[in-house]
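Atoms considered below: every heavy atom in the structure, side chains included; atoms not considered: hydrogens, waters and symmetry mates. Model, not experiment: these values are computed from the prediction.
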Amino acid sequence: MPEGHVLHRAARLQGKRFTGHVVNVASPQGRFRGGAERLNGQQLDDIEAKGKHLFYRFDSGDELHIHLGLFGKFRVQKLPFPEPSPNCRVLMDTETDRLHLAGPNQCEVLEPWEAEAVRNRLGPDPIQNRPDGYEDFLERLSRRSITIGKAIMVQDVISGIGNIYRSELLFQIGLSPWTRAKDVHPETVKQLWEQSVLELKAGEKIGKIITTNPSEFGVEKRKDLGRWDRLYVYKRHGRPCRRCETEILAADCDGRNAWWCPSCQPD
DNA sequence: GTGTCATGCGTAT
DNA sequence: TACGCCTGACACG
């Protein structure tokens with residue numbers, strides 16, 4: 001169940017094992033017909049993540065486009081390979097390593113221009129953190145007459161943020177999810193962008209979403225935080241705010257729950 | 001065993 | 001706003 005940090009981490013870790021190798025590609029589940037055969041025997045040149053999307057570039061120019069959706073899961077395996085699960089959509093093998101993918105929302109082979117179109121549609125990615133990232137975000141945001149809580153989940157506005165980061169980032173910068181996107185001051189938008197860069201990069205590094213500060217809990221490292229001490233507001237409705245003790249609220253925001261502190265994040 | 005929920009997203013109404 | 005799609009973990013009987 002991935003937000004952007006998971007895909008960047010996957011690209012980085014899989015890259016170490018698979019790029020530069022000629023790979024065997026198969027689909028035990030059989031729902032990647034035409035794709036597996038087309039990629040089989042090609043060399044994998046590069047893996048790129050943007051937002052929640054992954055692009056595997058092969059030497060013919062073909063790009064394997066994967067979006068995990070809510071359920072998709074990668075497993076990287078080493079010899080001796082275990083039996084693939086029946087719902088395995090893609091198996092990609094080198095001589096020594098195997099990538100096992102199950103349950104993706106999207107899994108398709110694209111021409112380079114098609115893959116480029118997917119990437120161009122997406123808003124700036126905080127983990128890529130390109131120089132024009134903030135301006136691009138601000139510009140895409142200012143066109144939306146929706147709340148900021150909705151807007152940062154729209155992948156065309158900013159890519160990679162999911163439901164956990166939405167609530168956590170807005171709490172961290174003290175912005176109510178119910179503020180209209182157009183009304184957010186550019187300085188606050190900048191803060192939101194910079195906080196996104198910080199948190200998503202941290203998430204990519206450790207492979208977990210942890211937004212709280214360990215020192216607030218009397219421990220040194222994030223990994224020493226208890227399971228329930230890692231987030232400020234996500235799924236903490238009815239519990240006291242970690243900063244001010246006010247009761248955390250939850251409400252549907254664009255079809256999914258958002259959590260916020262009404263005192264730290266006033267409307 | 002069955003039911004519910006989840007870090008997502010596209011399409012129809 | 002509702003539903004379909006993809007799967008696994010967990011709570012409950």
Take atom [atom1] of [X] and atom [atom2] of [N], then tell me their distance rounded to the nearest Å.
X        : N     : atom1 : atom2 : result
A:Ile164 : B:dA6 : CD1   : P     : 11 Å
A:Arg230 : B:dT7 : CZ    : C1'   : 15 Å
A:Ile158 : B:dG8 : CD1   : P     : 14 Å

If we take the [atom1] atom in both [N] and [M], what is their distance in whole Å?
N     : M      : atom1 : result
B:dG1 : C:dC6  : P     : 23 Å
B:dT7 : C:dT1  : C1'   : 23 Å
C:dC5 : B:dT13 : P     : 15 Å

- prompt: Any donor-acceptor pair under 3.5 Å linking the side chain of A:Arg89 with the backbone of A:Leu101?
  reply: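 Between the backbone of A:Leu101 and the side chain of A:Arg89 there is no qualifying donor-acceptor contact (under 3.5 Å).
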
Nearest-nucleotide pick for [X], side chain only, options being [options]:
X        : options              : value
A:Asn105 : B:dC9, B:dA6, C:dG8  : B:dC9
A:Gln155 : B:dG8, C:dC6, B:dC9  : B:dC9
A:Arg31  : B:dT7, B:dG8, C:dC6  : C:dC6
A:Asn87  : B:dG8, B:dA6, C:dG8  : C:dG8
A:Arg121 : B:dG10, C:dT7, B:dT7 : B:dG10
A:Phe71  : B:dG8, B:dT7, C:dC6  : C:dC6

task: Look at atom NZ of A:Lys221 and say whether more than 12 heavy atoms of other residues, nucleotides or ligands are closer to it than 6.0 Å.
output: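 Atom NZ in A:Lys221 is not packed in, count stays at 12 or less.
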
What's [X] touching, base or sugar-phosphate or nothing? Going by heavy atoms closer than 4.0 Å.
X        : value
A:Lys235 : sugar-phosphate
A:Lys73  : nothing
A:Gln29  : sugar-phosphate

query: Considering residues at least two apart in sequence or located in another chain, which fulfil the ring pair (Phe, Tyr, Trp, His ring centres under 6.0 Å) criterion with A:His53?
result: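 Residues passing ring pair (Phe, Tyr, Trp, His ring centres under 6.0 Å) with A:His53: A:His65, A:His67.
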
query: A:Ile47 and A:Leu200: same hydrophobic cluster, using ILVMFWY side-chain contacts below 4.5 Å?
result: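 A:Ile47 and A:Leu200: separate clusters.
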
query: Counting only side-chain N and O atoms of A:Tyr234, is one of them less than 4.0 Å from OP1 or OP2 of B:dT7?
result: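 Indeed, a polar side-chain atom of A:Tyr234 lies that close.
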
